[in-house]
Every structure is written in structure tokens, then in C-alpha cells.
K.L.:
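Next up is a structure, given as C-alpha cells.
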Amino acid sequence: PYFHFYTSNPLNDVDSNSLDALLVYVSTRLEGKYQVFPRPLGVGNSCIVFKIKDLYSGRYEVLRVLKTSRLKGLAEEINQVSRLKHRNIMSVHELYFKEFPYFVTTEYVPSESLDVYIDRFGRRPFFEVRDMALRLGDAVQYLRDKKIYLTQIRPSKILLDTENQPVISPFEVIKASDASRAKEKVKEDALYLAPEMLEDEKAVYDAETAGLADQYSLGLLMFEQLTGKPVFADDNLKGPRGGRRSLERLSLARIFKNRERFDDPEDKFRASCWKMLEAARVPPELLPVLDRLLRRAPEERYPGFDEALDAIAAIPPGWTDTQRAVMESFQRCLRSNDDFIDRFYEKVQSCKDLPDELIQYSDLAQQQ
């Protein structure tokens, strides 16, 4: 039930350097039904990803060309994914398992991953972080009800669609070479997995243990969105457009050292993390919730994942409907026009009757 999409040696079945030949082959097989765009969206350990267009409906989709010919077990997993239906889970459209190489077409999310989003815009307002946590939590709970334990609660695995809704995928696609992929995965695991999962990988197969571990990962994700940097990263990775996600500059030893320091209530590193959170002007009700989500001992967290989501939902958003509408409009403008930011802040600073939250947010964004 754990979606890894790997075989013992997946790279021997397809030469990832022969993308041109592969493109011709898949285009021929899909001729008359899909247009295949030549530049891959990504090349991962498990598949090569292309953007395609349905010639009948005009809808854009994603074509995932699997790198392995060994379908035993894998086909069952993909078939199970194809039956999922949830607003925040990427949908699978068609399966092509008749001849190798095998294809899967999925929903196309025309946006960016959450790590890129944080890089571009910095820390997020609490109402947005709260909504995203609840939507992601509902998707994770839906998967768990289907006996699927997906441990991908990390920014690089969360896509944001045009409505700013989070979308998660059971497929793993990393825009990196295979060598850097291995290094990046280790660092991402160290940044976002619960302590018990780093100590015992088999824990993901147990529903109760996975639920406790997901609380920890969700707490780290919320913390990062509110402060603008991963909890266990050094301060030199803080801030948008400054390479916050440049994991090659972050020592794995330093990550584990910071994890130890974060668990020590007397350590200055832990105190600095909570000060960053308080500087974000989050509701005071959030602090004890995050503190419980991020307890090192699983038994000290909430009894179950549902209880953790209920605790997050009980925190008031802290924004009026008008403030929220303004912020969401501002975000849409930023995402659709990179030049918008150059002209926006001059007018914000000259308009002193805006709510304090928006003035402070615009000050921070202008500095960054």
C-alpha cells in the first residue's frame, strides 16, 4: 500500500539520454489523439514526464512514461490510484499497459510546487496556511481510508493550482539528475520526516504510526509557510528568491544537529524558531497546537490524525472576509504578472487606511 514506484534497477529499461527517440515513439503511438510537447517536464527515477494536449477536448494533461517493464505490483498500485477521486489529489485519466514502454496520463496542474511558491513570495498569512493544512489533511485522511499511506507531506511534493488549492500526487517526479536525486531525497527526508520514521522506515506501513508521523510533517510544513524557511535549515536559506531551496548548500549533519537542538527546550536554536513564528503574528491559539504536533515522542502528539486536524480547524483564521479577499486578489496578481510587484507597493505605502496586517505584510514583502 506504500507508493514508491521503484524497481530494483529501473534505469536499465529506458535510456534517459535518448529522449528524442522516446518522444518520436510515444508521439507515434498517440498520434491522432494527443499532441506531445517535445520538452519533458521532468525526468525522475520512475518515469519521464511530458505535457500533452487532448486534440478532441483541447485539455492539457500529463503523460508519464514509466521507466520499467516490470509491471508486477506496480500495475496494481497505479490501478488503485486511478480510482481515487478527491479535489486535492491528482487524478489519473488513462492507462496504457498493452506494450512497453507503458504510459499513464494524469491531470495537469498548471502552476508550481509549494517550495517554489514560498521561494517567490516568502512567508504566508495564517489563514492561508490553516486552509492548506486542512485541505492536505483531508486528502491524506482520504488516502488512509483507502489503505494508502502516502508520506509526501513536504513542499516539493505539493502543487498549487490556479485557484491556490494544494494538489498532491502519488507519483514522484523530481527535476534533477539521478545522482542529485538521491542526495536531495535524503535531505528532504531529514527536513520533513518525523523522528520515528527516520529511525524505522517500516513504520509507514502501520496506519496508526503513519498518522502520528503525518502530524509531525504537517506541523513542519505549517511552520515553514509561516516563517519562510524550513524549521531545521540554517538562517542562510531564509527568504524568497535567495535559494532557500538550494539543498546542496545545506549540510545533512547540520540538519540533524538542528533537529536535536529543536528538541531541547533550553537551546537557543529552538527559541529562535519560535521567535520567528511569533514575529509572523500568528494567533496565540496556534502555538500550543504546533508545539504538540512537533513533539519528538509520538505518544505526546494528538491521539490521531483526525484530532490534530480538529485542533487546527478550531483556531480562528484571524482575518475578515474583506482582508482575505484582498490578500487572495493580491496573490493572483503576483502569480500572473511578475512586474506587478514593482508598482504595487508604492500605492500600498501611500494608503494608510489599510488594516495593519496588510501594511506589515507589504512592508516585509517589499524588503524581500
Side-chain angles (χ1 to χ4, degrees), residues 1-4 80 84 86 88-89 114 129-158 166 168-170 172 185-227 230-233 255-265 267 270 273-274 277 282 285-315:
Y2 178 57
F3 290 115
H4 50 80
Q80 188 177 10
L84 301 176
H86 191 281
N88 303 107
I89 298 176
L114 181 57
V129 176
R130 174 182 178 272
D131 284 359
M132 185 171 297
L134 294 176
R135 294 181 189 278
L136 285 174
D138 185 68
V140 170
Q141 192 62 47
Y142 170 82
L143 290 172
R144 188 167 293 120
D145 292 341
K146 303 293 184 181
K147 308 300 181 184
I148 300 171
Y149 311 124
L150 185 67
T151 55
Q152 297 293 348
I153 303 181
R154 57 189 67 183
S156 67
K157 302 299 180 186
I158 300 169
I168 59 177
S169 168
E172 186 168 347
K185 183 182 186 302
V186 171
K187 290 182 179 180
E188 281 207 329
D189 286 348
L191 283 171
Y192 298 108
L193 287 183
E196 64 272 19
M197 292 194 66
L198 293 173
E199 298 168 1
D200 182 10
E201 186 178 349
K202 294 182 179 179
V204 298
Y205 291 99
D206 179 82
E208 181 179 354
T209 305
L212 294 172
D214 285 341
Q215 293 183 40
Y216 194 92
S217 297
L218 188 63
L220 291 178
L221 181 67
M222 295 179 67
F223 210 117
E224 178 172 347
Q225 292 180 84
L226 291 166
T227 63
V231 178
F232 305 127
I255 296 175
F256 281 105
K257 182 63 176 178
N258 288 343
R259 291 183 75 110
E260 292 179 9
R261 297 181 64 186
F262 186 81
D263 292 330
D264 183 354
D267 196 286
R270 178 181 177 86
C273 291
W274 289 101
L277 192 63
V282 300
E285 298 93 335
L286 174 65
L287 300 179
V289 173
L290 276 181
D291 178 68
R292 189 168 180 181
L293 291 175
L294 297 176
R295 297 286 178 88
R296 177 176 177 81
E299 62 273 12
E300 295 181 5
R301 301 171 202 152
Y302 290 94
F305 195 69
D306 284 339
E307 288 86 345
L309 295 180
D310 290 341
I312 296 172
I315 305 172

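Side chains included, hydrogens not; waters and symmetry mates left out as well; all remaining heavy atoms used.
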K.L.:
Before giving the answer on side-chain contact (heavy atoms from CB on, under 4.5 Å), spell out for Val231 and Asn258 the whole-Å C-alpha distance, their side-chain angles and the decisive distance to 0.1 Å.
P.N.:
CA-CA 8 Å; Val231 178; Asn258 288 343; over 6 Å; no
K.L.:
Calculate, to the nearest 0.5 Å, the distance between atoms CG and OG belonging to Leu293 and Ser217 respectively.
P.N.:
10.5 Å
K.L.:
Quick one: list whatever passes salt bridge (Lys or Arg N to Asp or Glu O under 4.0 Å) with Arg296, sequence neighbours left out.
P.N.:
Glu199, Asp263
K.L.:
Is a donor on one side and an acceptor on the other found under 3.5 Å between the side chain of Gln215 and the backbone of Leu294?
P.N.:
no
K.L.:
Locate the shortest heavy-atom distance separating Leu290 from Met222; write the atom from each residue and the value.
P.N.:
CD2-CB, 4.2 Å
K.L.:
Checking Asp306 now: which residues fulfil side-chain contact (heavy atoms from CB on, under 4.5 Å) with it, not counting sequence neighbours?
P.N.:
Gln141
K.L.:
With Phe232, which residues qualify under ring pair (Phe, Tyr, Trp, His ring centres under 6.0 Å), at least two apart?
P.N.:
Phe262
K.L.:
Write down the atom of Pro303, the atom of Leu212, and the distance for their closest heavy-atom approach.
P.N.:
O-CD2, 4.0 Å
K.L.:
Compare every heavy atom of Leu309 with every heavy atom of Leu134, then report the nearest pair and how far apart it is.
P.N.:
CD2-O, 3.5 Å
K.L.:
Mind listing the closest non-hydrogen atom pair of Leu193 and Arg154 along with its distance?
P.N.:
CD2-NH2, 3.6 Å
K.L.:
Taking side-chain contact (heavy atoms from CB on, under 4.5 Å) as the test, write out the residues that go with Pro166, two or more places apart.
P.N.:
Asn88, Met132, Arg135, Leu136, Ile158, Leu160
K.L.:
Please enumerate all residues that pass salt bridge (Lys or Arg N to Asp or Glu O under 4.0 Å) together with Arg295, with sequence neighbours excluded.
P.N.:
Asp291, Glu300
K.L.:
Once side-chain contact (heavy atoms from CB on, under 4.5 Å) is applied, do any residues pair with Pro288, and if so which ones, sequence neighbours excluded?
P.N.:
none
K.L.:
Going by salt bridge (Lys or Arg N to Asp or Glu O under 4.0 Å), name the residues that satisfy it together with Glu260, two or more places apart in sequence or in a different chain.
P.N.:
none
K.L.:
Would Arg144 and Phe305 count as a cation-pi pair here, with the cationic atom under 6.0 angstrom from the ring centre and within 45° of the axis?
P.N.:
yes
K.L.:
When rounded to the nearest 0.5 angstrom, what is the spacing between OG1 in Thr227 and CG in Leu277?
P.N.:
7.0 Å
K.L.:
Quick one: do Ile168 and Leu143 satisfy side-chain contact (heavy atoms from CB on, under 4.5 Å)? Show the steps, please.
P.N.:
CA-CA 11 Å; Ile168 59 177; Leu143 290 172; 4.1 Å; yes
K.L.:
Apply the test side-chain contact (heavy atoms from CB on, under 4.5 Å) to residues Leu114 and Leu221: give CA-CA distance (whole Å), side-chain angles for both, the deciding distance (0.1 Å), then the verdict.
P.N.:
CA-CA 10 Å; Leu114 181 57; Leu221 181 67; 3.7 Å; yes
K.L.:
Listed by chain and number, what are the salt bridge (Lys or Arg N to Asp or Glu O under 4.0 Å) partners of Arg130, not counting sequence neighbours?
P.N.:
none
K.L.:
Mind checking the CD1-CG spacing from Ile312 to Leu286? Nearest 0.5 Å is all I need.
P.N.:
8.0 Å
K.L.:
The criterion is ring pair (Phe, Tyr, Trp, His ring centres under 6.0 Å); which residues satisfy it with Phe256, sequence neighbours excluded?
P.N.:
none
K.L.:
Just checking, any donor-acceptor pair under 3.5 angstrom between side chains of Glu224 and Tyr192?
P.N.:
yes
K.L.:
Assess the residue pair Leu191 and Leu220 against the criterion (side-chain contact (heavy atoms from CB on, under 4.5 Å)); give the C-alpha distance rounded to whole Å, side-chain angles, the decisive distance to 0.1 Å, and a yes or no.
P.N.:
CA-CA 8 Å; Leu191 283 171; Leu220 291 178; over 6 Å; no
K.L.:
Nearest 0.5 Å, what's the OH-CE distance between Tyr216 and Met197?
P.N.:
12.5 Å
K.L.:
If the condition is side-chain contact (heavy atoms from CB on, under 4.5 Å), which residues does Asp267 pass it with, not counting sequence neighbours?
P.N.:
Arg261, Asp264, Phe269
K.L.:
Minimum heavy-atom separation for Pro195 to Arg301, with atom names?
P.N.:
CD-NH2, 3.7 Å
K.L.:
How close do Tyr302 and Ala311 get, heavy atom to heavy atom, and via which atoms?
P.N.:
OH-CB, 3.4 Å
